[in-house]
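Structure first, commentary second.
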Protein chains: 2
Amino acid sequence: MADPQFDELSAKQQGILRFLETFIAEHDYPPSIRDIQSGCDISSTSVVDYNLKRLEEKGFIRRDREVSRAIELLGGSAGSRRRTVPVPLLGKIAAGIPIPTPPDASTIEAAPDTIELTEDQTGGRSNVFALRVDGHSMVDALINDGDIVILEPTQSCDDGEMVAVWLKAENETTLKKFFHEGERVRLQPMNATMDPIYTSADNIEVQGRVVTAIRPF
Amino acid sequence: MADPQFDELSAKQQGILRFLETFIAEHDYPPSIRDIQSGCDISSTSVVDYNLKRLEEKGFIRRDREVSRAIELLGGSAGSRRRTVPVPLLGKIAAGIPIPTPPDASTIEAAPDTIELTEDQTGGRSNVFALRVDGHSMVDALINDGDIVILEPTQSCDDGEMVAVWLKAENETTLKKFFHEGERVRLQPMNATMDPIYTSADNIEVQGRVVTAIRPF
DNA sequence: TTCGGAACAGAACATATGTGCCGGAACTGA
DNA sequence: TCAGTTCCGGCACATATGTTCTGTTCCGAA
């Protein structure tokens, strides 16, 4: 969508637009005409209506007529609200400890922190959870200490998917690309220069599919 | 905040809550009492009002009395909306090409794609931009082909910050931790096992501070 | 200057919308 | 069975709120 030019608006219209953003941010619902009137020091409701019509013509907002507070602000303007999902940060992931799966309701309730992610970051999946990487044991997956990995609970996976795997014999959690190869499985590090691990299928336990990895600085 | 128990609600109240979520997701503004009434097949507005009062008592929603459509749904329930910022995806970042800085208004307008990030992911910074990593030249920064790095434009930086640096003599872009050391600078790879680069201060050009790195799968 | 449109003021109007009241059904505990 | 509570239905009412009408002011074009 072509982003409308903010500069082309009159001072009053820019003020209304800013007021809309702050009001919605504050209340979670849009203001009425009279809210805008008092909030922007405008003398008449008709002036507000007039300018809202202009803003609608120019594609900044959408209104549903006859419906109160039915102002929806469009465009990529800062402060727009998108659907986000709270992702529980369930704990740490490290080489030596199994990850807490399956994350049941009580675990999620007790999560001390949650991370807000947009829906495209979770790929629309609803039951994902987050773990903070502890230590440098996953550098072969190009995952650093302090990174956050977003996982989707699963016991099985398709070839080539990035999964968290528990190696029973080795007593170790690792992140690898998964490939079935007859009796055994191949666990391929993301780092192409490193060699894969081969092990028997019953030595491993898939604990989750990696949806995203995030590294905050 | 203790998340209220969804199960404790009557079927009607659960229906109302779900209707609220979908209505807000669809319209960007909350429904009126009568919208809920028809949307949930409830016979009377007073019943809706009654159940909304219960929902408010139990902490699922907040209402502003006397104000139409002033229903704000609380809690980490899926479908909540948070403030997000659109981050322009300006292009690729690769070893051999300088990154497009400074990103001026026209560049940003012309950005073919934008990524929605939550405000905590951008650290509240407003002028960040995103680049998709092309190639494996930054594995020493634990950044993979296809990763997305979020940058904040800057020409200078403090010691220890992760920055995108243009090496003039080498004709190369790289991501390193930056340290002033007298006449020269030390560029430290994130991967602790790798050796730093030392070069003179006037051979480098800081192009941006790395805010976040995201790896979608 | 005159004309016309854009923007504004003020008020009246029509409807949208939350709320209160009364009564009844369904259930509960004594 | 009876009183009490919870929940529902229906309706009227007050007000919150969008819309419209009339007139005014400002400003640039002809």
Side-chain angles (χ1 to χ4, degrees), chain A residues 4-24 26-74, chain B residues 4-24 26-74:
Chain A
Q5 283 302 99
F6 191 73
D7 309 332
E8 288 178 3
L9 299 176
S10 72
K12 194 162 295 191
Q13 285 161 6
Q14 292 186 21
I16 291 177
L17 216 49
R18 262 194 295 272
F19 179 76
L20 282 174
E21 288 173 5
T22 60
F23 190 99
I24 293 176
E26 181 142 351
H27 297 85
D28 258 28
Y29 52 80
S32 69
I33 299 272
R34 284 169 180 81
D35 287 334
I36 301 172
Q37 182 189 358
S38 67
C40 296
D41 284 320
I42 294 174
S43 49
S44 169
T45 58
S46 63
V47 177
V48 179
D49 186 60
Y50 173 82
N51 283 291
L52 286 179
K53 284 198 176 90
R54 294 296 91 72
L55 285 171
E56 190 175 18
E57 283 172 5
K58 294 175 184 172
F60 286 88
I61 60 172
R62 174 162 48 224
R63 295 175 73 194
D64 286 2
R65 318 312 297 272
E66 312 277 319
V67 177
S68 42
R69 297 173 186 270
I71 301 172
E72 177 181 355
L73 47 82
L74 306 170
Chain B
Q5 283 301 97
F6 192 73
D7 309 332
E8 288 178 5
L9 299 175
S10 72
K12 196 163 293 191
Q13 286 161 4
Q14 293 186 19
I16 291 177
L17 214 49
R18 263 194 294 272
F19 179 76
L20 282 174
E21 288 175 4
T22 60
F23 190 100
I24 294 176
E26 181 141 352
H27 297 84
D28 259 25
Y29 53 79
S32 68
I33 299 272
R34 284 168 181 81
D35 288 334
I36 302 172
Q37 181 189 357
S38 66
C40 295
D41 284 319
I42 293 174
S43 48
S44 171
T45 58
S46 64
V47 177
V48 179
D49 186 59
Y50 172 81
N51 284 291
L52 286 178
K53 284 199 176 90
R54 295 296 92 75
L55 285 171
E56 191 175 16
E57 282 174 5
K58 294 176 184 172
F60 286 88
I61 61 173
R62 174 161 50 224
R63 295 175 73 195
D64 285 2
R65 318 313 296 272
E66 313 278 318
V67 177
S68 47
R69 296 174 186 271
I71 301 173
E72 177 181 353
L73 48 82
L74 306 171

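Below, all heavy atoms of this structure are taken into account, side chains as well, without hydrogens, waters or symmetry copies. To find a chain, count down the sequence lines: A is the first, B the second, and so on, and within it residues start at 1.
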(message) Does B:R65 contact C:dG18 through a side-chain donor or acceptor facing the base, at a distance under 3.5 Å?
(response) no
(request) Counting heavy atoms from C-beta on, name the nucleotide in D:dC8, C:dC8, D:dA16 closest to the side chain of A:V47. (result) C:dC8
(request) Counting heavy atoms from C-beta on, name the nucleotide in C:dC8, D:dT17, C:dA16 closest to the side chain of A:E66. (result) C:dA16
(request) Using a strict 4.0 Å threshold on nitrogen-to-oxygen distance, state whether A:E57 and A:R54 make a salt bridge. (result) yes
(request) Kindly say whether, by distance alone, the side chain of A:S46 makes a donor-acceptor pair under 3.5 Å with the base of C:dG10? (result) yes
(message) With a 4.0 Å cutoff (strictly under), does any side-chain N or O of A:S68 reach OP1 or OP2 of C:dT17?
(response) yes
(request) Write down the distance between CZ (B:R69) and P (C:dT19), rounded to a whole number of angstrom. (result) 14 Å
(request) Would you mind reading off the distance between A:D41 atom CG and C:dC8 atom C1', rounded to a whole angstrom? (result) 15 Å
(request) Mark yes or no for a side-chain to base donor-acceptor pair under 3.5 Å between B:T45 and C:dT17, with no hydrogen or angle criteria applied. (result) no
(message) Between C1' on C:dG18 and CD on B:E72, what's the gap in Å once rounded to a whole number?
(response) 18 Å
(message) Measuring to OP1 and OP2 of C:dC8, would you say a side-chain N or O of A:N51 lies under 4.0 angstrom away?
(response) yes
(request) With side chain to side chain contact (heavy atoms under 4.5 Å, CB included) as the test, would you mind laying out the steps for B:I71 and B:I36 before giving the verdict? (result) CA-CA 11 Å; B:I71 301 173; B:I36 302 172; 4.0 Å; yes
(request) Answer yes or no: is there a side-chain heavy-atom contact under 4.5 Å between A:L55 and A:L73? (result) no
(request) Whole angstrom is fine here: how far is it from CD in A:Q37 over to C1' in C:dG10? (result) 10 Å
(request) Take atom CG of B:D64 and atom C1' of D:dA16, then tell me their distance rounded to the nearest Å. (result) 13 Å
(request) Grab the NZ-P distance between B:K58 and D:dT6 for me, whole Å please. (result) 11 Å
(request) Figure out the CD/C1' separation between A:E57 and C:dA7, and round it to whole Å. (result) 13 Å
(request) Mind calculating the distance between CZ (B:R34) and C1' (C:dT19) to the nearest angstrom? (result) 10 Å
(request) Verify the distance criterion only: is there a donor paired with an acceptor across the side chains of B:D35 and B:S32 at less than 3.5 Å? (result) yes
(message) Tell me whether the rings of B:Y29 and B:H27 are parallel (<30°), tilted (30 to 60°) or perpendicular (>60°).
(response) tilted
(request) Look at B:K12 and D:dC8 and indicate whether a side-chain polar atom (N or O) is within less than 4.0 Å of OP1 or OP2. (result) yes
